[in-house]
Amino acid sequence: MQFLPPRMRFRLFDLNPEQEKAVRTIDGPLLILAGAGTGKTRVITARVAYLIAQGVAPEHILAVTFTNKAANEMRERLATMVEKEQVKRVTMSTFHALCVRILRGGIDRLGYKNNFSIYDESDQLGLIKKIITRTAARDEKIDPHLAKNLISKAKNNGWSAPKDDQTLISAVFTRYQVELKNLNAVDFDDLLLLTVKLLAEHNEVRAKWQERFRYLMVDEFQDTNRLQLELVSLIADAHKNVAVVGDDDQSIYGWRGAEVSNILEFEHHFPNPTVVKLEQNYRSTNAILGTANSLIKNNPRRRAKQLWSAHASGENVRVVQMPDDREEAKFVAEDIQRRNFAENVVWKNFAVLYRMNAQSRLIEENLRRLHIPYRLVGGKSFFDRREIKDVLAYATCLLNADDDVSLLRIINTPARGIGPAVVERALEHSVHAKCSLFKSLQSPDFLETLSVRARTAISEFAGMLDSFETRIHTPLTDHAEILRELITKTTYLDDLKRTCKSPDEALDRENNVQNIFNDLAQYQQRSSGGLQGFLDEVSLDQDREKDKEDDQHGVTLITLHAAKGLEFPHVYLIGLEEDLLPHSRSKIEGTVDEERRLLYVGITRAMSTLTMSWCRTRMKFGSAAPGHPSSFIKELAPELIEHVDFVKLMNTPVQEDTAKSRFAQLRAALKSA
DNA sequence: AATCGTCTGCTTTTT
DNA sequence: GCAGACGATT
């Protein structure tokens with residue numbers, strides 16, 4: 001072994017033999033099959049540290065993740081093992097952020113401009129709606145959401161827009177791609193698609209990035225789609241030093257285009273890999289782990305593995321039968337309260353997991369009733385708020401004046417006399433003249449067709465944008481200040497507050513806008529990317545606000561999907577009913593295996609206790625519907641499960657002279673279970 | 001231009 | 001049961 005800094009030596013000593021093998025294998029393809037809770041993140045970070053200790057320059061290391069959160073965590077972990085200066089030089093980013101970086105320096109080779117805008121889902125949807133109503137399918141009923149999903153699926157499979165416009169959908173697809181290019185905009189799928197195209201078709205670009213990233217690591221490999229695999233292959237092709245970490249049993253994003261086959265058939269994509277299996281779980285009791293194992297072994301097509309734990313067997317897993325969803329929520333809230341009181345468990349050690357967001361409401365109500373703090377993960381993003389999107393659209397227009405979608409968003413917000421009729425004519429002109437909407441607004445041909453009033457309004461607006469655009473491109477300017485001035489000058493903020501229903505709402509929205517300015521100012525302190533870099537970061541990290549705001553001390557309410565990668569001492573998994581988990585649509589679509597994995601992910605989040613529940617009736621779409629236990633329940637190892645019938649417990653006679661209430665008795669019964 | 005009412009149609013959602 | 005979309009109303 002070569003010289004290692006003392007701290008490094010200690011870390012390696014900390015690893016189990018398989019983990020150590022994964023860390024020490026640095027050349028050639030490496031597949032790390034990391035079961036739930038087997039110390040995956042530790043292995044990745046230790047491996048990066050090891051590479052550096054072995055003399056690999058940090059610049060040559062690339063670690064790709066799916067979320068910014070994971071990337072940040074990894075970076076923080078690495079900082080405890082490696083000198084700060086070196087950590088900075090390692091590239092740790094999401095697939096999408098990596099693509100933006102590659103594209104900002106070379107997308108012009110594909111006919112886009114390097115200042116392209118990034119469209120999120122709602123921008124995408126807006127554009128598709130516009131296309132559907134304005135062009136191909138005026139009368140046909142074509143669902144914009146469906147169209148969006150189909151286009152996304154097509155792109156993820158690496159298809160370009162089809163040549164034939166036979167079907168309505170392909171006409172929309174073709175049109176959509178053309179419009180995006182005209183707008184100098186790319187959607188999330190394009191980030192991958194165009195990066196793959198750029199690297200595949202331009203040898204010098206590919207060579208540059210291959211030379212740069214000689215050691216490649218990919219986290220959550222089971223979630224990669226076709227394009228992501230292709231991207232990895234393209235970069236790794238020169239040196240073949242590609243290490244992937246993943247768990248086929250935790251593949252739950254098939255519906256988003258993830259290909260389990262990428263990990264199942266890793267050998268096919270990268271011949272003769274070293275394969276390491278991490279099977280020692282450091283998270284859960286053996287009762288929980290055994291329950292998880294018994295469930296997942298019912299799945300075909302998987303890499304056989306047997307998780308084990310050095311922990312004690314622990315409490316049995318409870319499966320509770322409830323009369324209805326209201327009782328279920330009440331029970332969960334009260335059981336959490338009981339355990340908090342009796343066992344002194346702090347709130348943040350609890351999580352309630354469910355299949356659908358709608359299930360959180362009853363839980364919320366009951367927690368609130370008992371004054372138990374909670375944090376709801378998911379739901380509406382900060383960046384989906386109207387005022388945020390508006391301000392960002394103003395910013396985008398300054399950088400990419402050709403971005404019609406952003407321009408349309410703000411052209412009459414606040415109202416400035418450029419109404420729908422005028423906008424309509426401007427759009428027509430831009431189509432005819434084959435130029436962007438903004439160019440039309442500045443075109444004398446167009447302006448002279450308008451009334452004096454409209455002409456004045458447009459000239460004023462275009463002139464204002466133009467002058468701010470010039471300022472933003474002047475070197476050494478404060479972009480936050482410029483944006484603030486623009487928003488002030490347009491009286492956007494005053495108008496926003498005026499249209500609010502309550503003073504509270506007005507205050508909230510104003511705060512949101514101020515937050516954006518502050519964020520941008522902060523961004524400028526730490527980065528030289530300017531407004532462009534800030535917008536990139538914002539569009540690629542919707543959660544960046546969340547962690548700051550969150551009280552970290554409450555009970556976590558979270559969907560099974562969003563819970564992947566997290567762990568909690570006490571987990572409540574609710575709604576284990578047939579047609580909810582597995583979801584009814586999974587049977588039609590033939591994806592029950594994925595539902596089983598979803599439950600597996602849920603079970604393996606639990607460290608010390610796990611309670612699952614199902615209801616005999618549940619409110620569905622406003623009315624009560626009968627419920628049946630999930631077919632997954634009978635797959636669980638019976639010897640590790642304690643079945644509890646809530647109603648039966650309630651009906652057991654209570655001794656008159658007992659001071660205990662019925663609930664106290666119930667609690668006692670449940671606790672001993 | 002904004003607001004109100006009625007209709008519809010329903011998983012999950014890392015970027 | 002509720003949000004989101006759309007059309008009628010002032």
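So you know, we letter chains A, B, ... as the sequences are listed, proteins then strands, and number each from 1.
Looking at heavy-atom distances under 4.0 Å, Asn412(A) makes contact with sugar-phosphate atoms alone, never a base.
When the C1' atom is used for both dA5(C) and dT12(B), the distance is 23 Å, rounded to whole Å. The same atom, P, is picked in dG4(C) and in dT13(B); the two are 15 Å apart, to the nearest Å.
Between the side chain of Arg226(A) and the main chain of Asn156(A), no donor-acceptor pair closer than 3.5 Å is present.
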Atom pairs, protein N/O to nucleotides 6-8 of chain C N/O, distance under 3.5 Å:
none

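Between Asp223(A) and Arg256(A) no salt bridge is recorded (no basic side-chain N to carboxylate O distance below 4.0 Å). A salt bridge links Arg409(A) with Asp390(A); the closest basic N to acidic carboxylate O contact falls under 4.0 Å. Under 4.0 Å is where a charged nitrogen must lie from a carboxylate oxygen, and between Arg597(A) and Glu594(A) at least one such pair does.
What you find for Lys69(A) and Leu566(A) is that their closest heavy atoms are NZ-CD2, 3.5 Å. When all heavy atoms are compared, the tightest approach of Arg416(A) to Ile411(A) is NH1-O, 2.7 Å. Here the closest heavy-atom approach between residue Trp614(A) and residue Leu576(A) is recorded as CB-O, 3.2 Å. Minimum heavy-atom separation, Phe266(A) to Phe221(A): CD1-CE2, 3.9 Å.
Taking the O4'-C1'-N9-C4 or O4'-C1'-N1-C2 dihedral as appropriate, dT11(B) has a value within 90° of 0 and is therefore syn.
Atom CD of Gln359(A) is separated from atom C1' of dG1(C) by 15 Å (rounded to the nearest Å).
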Item checked: Where protein sits on nucleotides 9-15 of chain B, one letter per nucleotide: B base, S sugar-phosphate only, - none, heavy atoms under 4.0 Å -> -BBBBBB
